[in-house]
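Following: one structure in structure tokens, then a few remarks.
What you are looking at is a predicted structure, and each value in this text was computed from that prediction instead of being measured.
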Amino acid sequence: MFARQLLRHRLRLAPVTRLSRPSQRPMVRFASTETQGKPFPTSTAAISFAAGLASAAIVYWFASPSREAPSPEPTPAKSSSILDDKSTGVRIPDLDELGLSDQVAYAPVPTSEGVTRQLNEHAFSLLGGGNLVRRYDGTQLGSNDPCEDAFVHGSFSNPFDKKGGDWLTWGVFDGHCGWQLSNLLTKQLIPFVRRSLGDARPENSQLGDEDVQQALKSAFTKLDDAIVKSALETIESDLSFAEKARRLEAAYAGACALLTLLDPVSRKLTVASTGDCRAVLGQKSADGKWTATELSTDCTGATPSEIARIQAQFPDEPDVVKGGRIWGMQPSRTFGDGMWKWTAQLKERLRDYYNGLSLPSAARYRGYKEGPYLTAEPLVTTTQLPASEPSFLILATDGLWDAMTSAQAVDLVGRWFEWQQIGGNEPVKPPTADFGPTVLGRKKQCRYEEQKTTLQDDNVAVHLVRNALGGADEQMVRGALTFRYPNSRDIRDDITVQVVFFAPVSGKRQ
């Protein structure tokens, strides 16, 4: 069977968020010159009457009824160096346990088994989803700490026909300047989309592709306006400083977003994208080869259509797009990033009184004026899924696309699919394990190399990530995972991947 087990529960919308939120050390996606008990008394032998009085006072203080006398305890062997707080059970650490040494003991490096565990730490596989969706897999591998990516997947009620089948959705969010906004999108974007779809008023009671596309554009921009344009109202409100800060932090951060909606009845897949996350459709053609079709356009300062749009919007600012960036910011369409959207006056007020970011750098980008230079309005496409041949959707943050092309990703998933069809029991590796010296740094970052392709993972999203890091070159993969934040950011980004397999129409050719 294609699926190894059957999950019997019914899919519902299940946003997936990061498991921990340690203090943030942001890795930004822009270029800039600016960075962002009580005392324990001791006594000595009395040598004078005054000293004796002092000792008596200390004894009286310990015996005073205002303090509960500790129950007698055996005197510890190291009572002179180890202090215990009997009320809390807190014990001062005994550093003698560290021993004596004249050599450095380092943290262990990942083993081959440890690599597999790390790649699968946030992996999931779900089977079914109606007659159309066979299965979908996902995973996430952080490079930032905490990871700034987030994702969502699940189903929601048909927005136009209450008796119709549920719609399915998958989304990936790539945060920058922090994780706060990408995390917020996992909880807020779907409700805004559902409200917008419910408010759609199609002509002649027939909902067309353009109606769904417009509803998505409206949802994205309304949510971003609620996050960004509310800043002035927030700081002038009667809210506490802490409440104001909590509302502002999401607007200080930014996020690219890729959201897909599937209507199982019509077999239409709608993709909305802001930023450089990417959706790619893989199809098996009549000759048995897998072909890649990009369903989204990377929205960055290096995309010709985006450059033309921005330059036309700001004709008096010749340096607005330079080096593939918009005043230092790589994505041209994002949620948040208020410092690229607010007026100069508001930004200065936020910097003076509400810890606003000092970016983009006024020293480096002297031609910067008012903006807004970025927008959250997505580019939206609608695709009819093929009826006669197997197909699949890959959606991923740019951490994957930094390491491989769309065609390479489709080829990898196609190979995995065919490997699973014949059982997928035996790992497939190249005939040689000698890949030469391992190099990671300015000379070479993590990158997929076809001669290192391996098939060994039950989860296809994990399969993509492993091959992006080095595939069968275990020393390369172990090295990529040995570097931790912040050093890891020089060789790999956060990576989030979801892959959805679609079934042909029943009775059609397979």
Side-chain angles (χ1 to χ4, degrees), residues 28-32 34 36 173-178 180-182 184-185 188-189 192 214 216-236 247-257 272-277 297-303 305-352 354 356-362 364-380:
V28 297
R29 297 182 54 181
F30 46 79
S32 173
E34 298 183 9
Q36 332 249 195
F173 313 112
D174 184 357
H176 48 266
C177 302
Q180 292 87 344
L181 187 49
S182 59
L184 182 146
L185 292 177
Q188 297 296 321
L189 184 54
F192 268 73
Q214 187 56 46
L216 281 168
K217 292 179 181 179
S218 176
F220 275 51
T221 54
K222 284 182 178 179
L223 176 55
D224 190 60
D225 287 348
I227 294 168
V228 176
K229 291 186 177 180
S230 61
L232 180 60
E233 180 183 351
T234 294
I235 63 177
E236 292 183 344
R247 298 187 181 199
L248 291 170
E249 69 171 355
Y252 290 162
C256 302
S273 175
T274 66
D276 53 7
C277 300
T297 299
D298 294 352
C299 302
T300 73
T303 304
S305 58
E306 289 294 280
I307 295 173
R309 176 182 65 83
I310 295 169
Q311 289 178 337
Q313 188 177 355
F314 302 99
D316 298 329
E317 300 180 46
D319 294 330
V320 61
V321 182
K322 198 170 185 179
R325 296 172 180 268
I326 301 91
W327 293 128
M329 177 63 72
Q330 185 176 5
S332 56
R333 296 175 187 256
T334 68
F335 280 95
D337 290 319
M339 289 300 175
W340 279 260
K341 298 175 181 178
W342 289 318
T343 64
Q345 182 180 13
L346 177 57
K347 286 189 292 186
E348 287 305 304
R349 187 172 173 185
L350 291 169
R351 288 164 180 161
D352 287 344
Y354 295 94
L357 300 181
S358 59
L359 298 159
S361 167
R364 182 168 185 175
Y365 305 114
R366 297 184 182 277
Y368 186 103
K369 295 182 180 179
E370 291 289 326
Y373 297 102
L374 306 178
T375 177
E377 182 175 322
L379 298 180
V380 188

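For the residue pair D174 and C277, the shortest heavy atom distance occurs at CB-SG, 3.8 Å. Between C299 and S273, the shortest heavy-atom contact is SG-O, 4.2 Å. Closest of all the heavy-atom pairs between G275 and C256 is CA-SG, 3.6 Å. Of all heavy-atom pairs between Y365 and G328, the closest is OH-CA, 3.2 Å.
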Return a table of donor-acceptor pairs under 3.5 angstrom between the side chains of residues 368-376 and protein atoms on other chains or two or more places apart.
residue : atom : partner : partner atom : Å
Y368    : OH   : M339    : O            : 2.8
Y368    : OH   : K347    : NZ           : 3.0
E370    : OE1  : A344    : N            : 3.1
Y373    : OH   : E317    : OE1          : 2.6
Y373    : OH   : E317    : OE2          : 3.2
Y373    : OH   : K369    : N            : 2.8
T375    : OG1  : E377    : N            : 3.1

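Aromatic ring centroids of F173 and F335 lie 6.0 Å or more apart.
Applying the salt bridge (Lys or Arg N to Asp or Glu O under 4.0 Å) rule to K229 yields the partners D225; only residues at least two apart in sequence or on another chain are considered.
Aromatic ring orientation, Y252 versus W342: perpendicular (interplanar angle above 60°, classes split at 30° and 60°).
Distance alone, capped at 3.5 Å, is enough to place a donor-acceptor pair between the T234 side chain and the S230 backbone. In terms of modelled atom types and a separation under 3.5 Å, the side chain of T274 and the main chain of A257 share a donor-acceptor contact. In this structure, the side chain of T343 engages the main chain of L346 through a donor-acceptor pair within 3.5 Å.
Within 6.0 Å of atom CD in E233, 12 or fewer heavy atoms from other residues, nucleotides or ligands are found, so the atom counts as exposed in its surroundings.
Note that the CD1 atom of I326 and the CZ atom of F314 stand 10.5 Å from one another [nearest 0.5 Å]. Rounding to the nearest 0.5 angstrom, the gap separating the OG1 atom in T300 from the CD1 atom in I307 is 7.5 Å. Annotation: the span from L379 atom CG to S332 atom OG amounts to 8.0 Å, rounded to 0.5 Å. Here OH of Y354 is found 12.5 Å from CZ of R247. Values are rounded to the nearest 0.5 Å. Here the CZ-CG distance, from R364 to D319, works out to 11.5 Å after rounding to the nearest 0.5 Å. If you take NZ on K217 and OG1 on T221, they are separated by 10.0 Å, rounding to the nearest 0.5 Å.
Using a 4.5 Å cut-off on side-chain heavy atoms (C-beta onward), L181 and H176 make no contact.
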- [ ] May I have the step-by-step check of side chain to side chain contact (heavy atoms under 4.5 Å, CB included) for L232 and R349, ending in yes or no?
- [x] CA-CA 10 Å; L232 180 60; R349 187 172 173 185; 3.7 Å; yes
_side chain to side chain contact (heavy atoms under 4.5 Å, CB included) between V321 and W327, intermediate numbers included_ = CA-CA 6 Å; V321 182; W327 293 128; over 6 Å; no
Could you go through the side chain to side chain contact (heavy atoms under 4.5 Å, CB included) check for L350 and L357 one step at a time? CA-CA 8 Å; L350 291 169; L357 300 181; over 6 Å; no
Apply side chain to side chain contact (heavy atoms under 4.5 Å, CB included) to residues R309 and R333 and explain how you reach the verdict.
CA-CA 11 Å; R309 176 182 65 83; R333 296 175 187 256; 3.3 Å; yes
Report task. Could you check T334 against D337 for side-chain hydrogen bond (donor to acceptor under 3.5 Å, both in side chains), going step by step and ending with a plain yes or no? Result -> CA-CA 7 Å; T334 68; D337 290 319; 2.7 Å; yes
